Amino acid sequence: SQQGEEDPQALSIQEGENATMNCSYKTSINNLQWYRQNSGRGLVHLILIRSNEREKHSGRLRVTLDTSKKSSSLLITASRAADTASYFCATDALTSYDKVIFGPGTSLSVIP
Amino acid sequence: ETGVTQTPRHLVMGMTNKKSLKCEQHLGHNAMYWYKQSAKKPLELMFVYSLEERVENNSVPSRFSPECPNSSHLFLHLHTLQPEDSALYLCASSQRGTGDGELFFGEGSRLTVL
């Protein structure tokens, strides 16, 4: 399975702290994406990193990708209570480009 | 407005009912997806319609039947469901080929099977 696996499953931090979530996957990929989901809502795309990229920034988000280790990390800096949500990595395999497969997610709680 | 609209947002049905979930995308994308999200489980890809071809997940039971009449509309027909089918059903769209494959999701249809 190409499914990503996020780590940790749950994370609780104080407002203002940084939050780091990790994702591992099993097969070669075209790209890796991170999504956010507020409770009971749809997923919202945060950032995409291609297989030939190593790091990408978007506002308070920083994503790294290590294809040799088949892993990625999402860093949210200066967290806010509004960042409380579940975060998912998703991979788009080389061999089945029509299928974007999600990991189980990390539940982030930011305490005001 | 996310660009992908799902109706209904909530649905309660008995095991003998027949109902349908509807999804409409206003983004001009050429691929649409159905995902199932159950409690404490990863999102499960159910069906993909890409460039007007259907790609199936062979583990999806036949009591779920997708229909994609055009590139903007996607349906999921439900019949003789089981209580374990209760979940949040998410529709998404993307632009395959020329895009990076970002998925744009609707808000989901929360299904409860009694």
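Treat the numbers as computed from the prediction; the structure is a model and nothing was measured. Here is the naming used below: chain letters follow the sequence lines, and residue numbers restart at 1 for every chain.
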- Item | Counterpart residues, side chain to side chain donor-acceptor pair (under 3.5 Å), relative to A/Glu55 (two or more places apart) |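 Once residues adjacent in sequence are excluded, the partners of A/Glu55 under the side chain to side chain donor-acceptor pair (under 3.5 Å) criterion are A/His57, A/Arg62.
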- Proximity of residues 11-25 of chain B to chain A, residues having a non-hydrogen atom under 4.5 angstrom: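 Residues qualifying by a heavy atom under 4.5 Å from chain A are absent, so none.
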- Task: Examine whether an atom of B/Gln37 lies under 4.5 Å from a heavy atom of chain A, and if so say whether it belongs to the side chain, the backbone or both; otherwise answer neither.
- Result: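 When you check distances to chain A, only side chain atoms of B/Gln37 fall under 4.5 Å.
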- Should A/Arg41 and B/Leu90 be marked as a side chain to side chain contact (heavy atoms under 4.5 Å, CB included) after you check the CA-CA gap, both sets of side-chain angles, and the distance that decides it? CA-CA 9 Å; A/Arg41 306 289 295 275; B/Leu90 292 161; over 6 Å; no
- Message: As a quick check of understanding, evaluate side chain to side chain contact (heavy atoms under 4.5 Å, CB included) for B/Leu103 and A/Tyr35, giving each step before the final call.
- Response: CA-CA 9 Å; B/Leu103 292 172; A/Tyr35 289 81; 3.2 Å; yes
- Message: Any side-chain to backbone donor/acceptor pair from B/Glu107 onto A/Gly42? Under 3.5 Å, distance only.
- Response: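 Answer holds: yes.
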Give the cluster check for [X] versus [Y]: same hydrophobic cluster or not, with ILVMFWY residues linked at side-chain heavy-atom distances below 4.5 Å.
X: B/Trp34; Y: B/Tyr49; answer: yes
X: A/Leu48; Y: A/Val63; answer: no
X: B/Phe75; Y: B/Leu45; answer: no

- Item | Candidate pair B/Phe105 and A/Val44, rule side chain to side chain contact (heavy atoms under 4.5 Å, CB included), full reasoning | CA-CA 7 Å; B/Phe105 283 85; A/Val44 175; over 6 Å; no
- Mind checking salt bridge (Lys or Arg N to Asp or Glu O under 4.0 Å) for B/Arg63 and listing every partner two or more places apart, or none if nothing turns up?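 In terms of salt bridge (Lys or Arg N to Asp or Glu O under 4.0 Å), with neighbours along the sequence ignored, B/Arg63 is linked to B/Asp85.
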- Segment of A/Gln9 engaging chain B (4.5 angstrom heavy-atom cut-off):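 It is neither, since no heavy atom gets under 4.5 Å.
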- Message: Can you tell me which portion of A/Leu43 sits under 4.5 Å from chain B's heavy atoms? Options are side chain, backbone, both or neither.
- Response: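 Both backbone and side chain of A/Leu43 come within 4.5 Å of chain B.
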Pair up each side-chain donor or acceptor in residues 100-112 of chain A with any protein partner under 3.5 Å, not counting sequence neighbours, and list the distances.
| unit_1 | atom_1 | unit_2 | atom_2 | d |
| --- | --- | --- | --- | --- |
| A/Thr106 | OG1 | A/Pro8 | O | 2.5 |

